[in-house]
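Before any comments, here is the structure.
None of the values given here were measured: they were computed from a predicted structure. Computed from heavy atoms alone, side chains included, the values below leave out hydrogens, waters and symmetry copies. So you know, we letter chains A, B, ... as the sequences are listed, proteins then strands, and number each from 1.
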Amino acid sequence: MDFEIHPGLYNYAVVVMLMMAGLYIVITRGNLVKKIVGLNVFQASVFVLYITMGKIIGGTAPILEDGFKVYSNPLPHVLILTAIVVGVATTALGLALVVRIREAYGTIEEDEIQRQDESR
Amino acid sequence: MAITVLAIIRLHNLVAVVMLSGFYSLLAATLFVVLDAVDVAFTEAAVGAGISTILLLGTLALTTQHEKIRALPRFPLVLVAVTGIALIYGTADMPAFGDPDSPIHEHVAPRYIHDSAEEIGLPNIVTSVLASYRGYDTLGEVTVIFTAGIGILTLLGIRRWRSRKPATGQSQGNGTGDAPGGDAT
């Protein structure tokens, strides 16, 4: 097992760091709004992962034009375009749930909700 | 971006957290411009930094603005660190950044780049792929947004509408959730 990291792989290290930060927020923070922000951070790190994989050094944006031969891969762009919009839809649904939980319990802190459930 | 994320972890004022998450999206959008993904950058700036922030702020207006400060357990940090190290070890076999010979560039992408001008007739390859080659994906995406819109309406909309009926003129903070239903890109 060798942990020698190629210098061309630093983008993955950045993505993993952002991803783990988002995961850490989701695990440790009890506030539901902050959990959703953590999910968004996680999500954006996945977007960055895909877009960096599609990049070619010396390439240009995938819009056909005379004088350019090398284009970045358009397929990850399309997938992430879809993922961003779907991500906002899920975020909106999550936030609607948060608002509804607040109306039912009067709080958006996870441990207080659990305590109310147990004493019920 | 790393500094922004650390600030998001540390801060307890939720308004600041939401603003920083918008800033994080904006940084991601500029990164996408640098990485040649201009269409993605547009969408991320408009949807990620714009609409998400507005939705989060609307939720804060309906709930609370401060997170309860609580003692943090140590175990999740260890767990996350171990997961991160395992993932970085897993990326050691991945193709290097910007390598034109990596597997991702050798499957369908050359066909899109070479033939889409004749087959679709649009200069922007991303548009051709989105609307034509992978049109089913976009249809599915619209379905997801529609479902999410219905979910939000059942969670928030209908009950409010009923409760508003007897007491008209009572102003309340609605319209948080159902905004993204209309912006299917």
Side-chain angles (χ1 to χ4, degrees), chain A residues 3 5-6 8-9 11-13 16-18 20-21 23-25 27-28 30-31 33-34 37 40-41 44 47-48 51-57 59-65 71-75 77-78 80-82 84-86 88-93 95-100 102 108-109, chain B residues 1-2 5 8-9 14 17 21 28 32 35-40 43-44 47-48 51-52 55 59 62-64 67-68 70 72 76 80 83-84 87-88 91-92 94 96-98 100 104-105 109 112-113 117 123-126 129-130 134 137 141 144-145 148 151-152 155-156 176-177 180 185:
Chain A
F3 273 94
I5 302 282
H6 191 272
L9 296 176
N11 59 324
Y12 300 114
V16 168
M17 184 261 154
L18 294 177
M20 288 308 111
L23 184 63
Y24 181 70
I25 296 176
I27 293 177
T28 55
N31 186 295
V33 173
K34 198 148 178 187
V37 170
N40 279 343
V41 169
F47 300 162
V48 174
I51 300 296
T52 52
M53 286 201 294
K55 164 81 177 165
I56 297 179
I57 296 241
T60 180
I63 297 171
L64 296 171
E65 191 70 51
Y71 297 102
S72 288
N73 195 335
L75 191 57
H77 298 185
V78 174
I80 295 310
L81 218 57
T82 310
I84 289 175
V85 178
V86 168
V88 167
T90 49
T91 303
L93 194 60
L95 291 174
L97 274 171
V98 171
V99 171
R100 186 72 188 86
R102 157 85 178 186
I108 54 170
E109 302 287 340
Chain B
M1 278 173 97
V5 171
I8 290 178
I9 294 178
L14 289 176
V17 167
S21 88
F32 292 154
L35 293 170
D36 294 340
V38 282
D39 306 80
V40 183
T43 317
E44 177 72 29
V47 174
I51 295 176
S52 280
L55 289 174
T59 311
L62 288 177
T63 57
T64 175
E67 181 189 15
K68 200 176 79 175
R70 56 168 69 75
L72 291 175
V80 164
T83 318
L87 281 177
I88 288 180
T91 61
M94 296 282 278
F97 172 71
I104 187 174
H105 301 305
Y112 290 153
I113 291 171
N124 191 337
I125 307 172
V126 174
V129 178
L130 184 78
R134 302 198 65 86
D137 279 9
E141 170 196 349
V144 168
I145 296 170
I152 291 163
L155 278 171
L156 298 178
T176 342
T185 38

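- When heavy atoms are compared at a cutoff of 4.5 Å, A/Ile108 approaches chain B solely by way of its side chain, counted from C-beta outward.
- Heavy-atom distances place the side chain of B/Leu14, and not its backbone, under 4.5 Å from chain A.
- If you take CD1 on A/Ile84 and CZ on B/Phe32, they are separated by 5.5 Å, rounding to the nearest 0.5 Å.
- Heavy-atom pairs under 4.5 Å with chain B were tallied for A/Ile27, A/Ile25, A/Val86, A/Val41; the largest tally goes to A/Val41.
- How far CG of B/Leu55 is from OG1 of A/Thr91: 8.0 Å, rounded to the nearest 0.5 Å.
- Here the CZ-OG1 distance, from A/Phe47 to B/Thr43, works out to 10.0 Å after rounding to the nearest 0.5 Å.
- Atom CG in B/Leu155 sits 11.5 Å away from atom CG in A/Leu95 (nearest 0.5 Å).
- Residues A/His77 and B/Val38 have side chains not in contact (no heavy-atom distance under 4.5 Å, counting atoms from C-beta outward).
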Apply side-chain contact (heavy atoms from CB on, under 4.5 Å) to A/Arg102 and B/Leu62, showing your working.
CA-CA 8 Å; A/Arg102 157 85 178 186; B/Leu62 288 177; over 6 Å; no
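- Per-residue heavy-atom pair counts under 4.5 Å with chain A were compared for B/Ala37, B/Gly151, B/Ala148, and the maximum is reached by B/Ala37.
- A distance of 8.0 Å separates CZ of A/Arg100 from CG of B/Leu156, quoted to the nearest 0.5 Å.
- For the set A/Val33, A/Thr90, A/Asn40, the count of heavy-atom pairs under 4.5 angstrom toward chain B peaks at A/Val33.
- With values rounded to the nearest 0.5 angstrom, A/Leu81 atom CG is found 7.5 Å from B/Glu141 atom CD.
- Using a 4.5 Å heavy-atom threshold, the side chains of B/Asp137 and A/Val78 count as separate.
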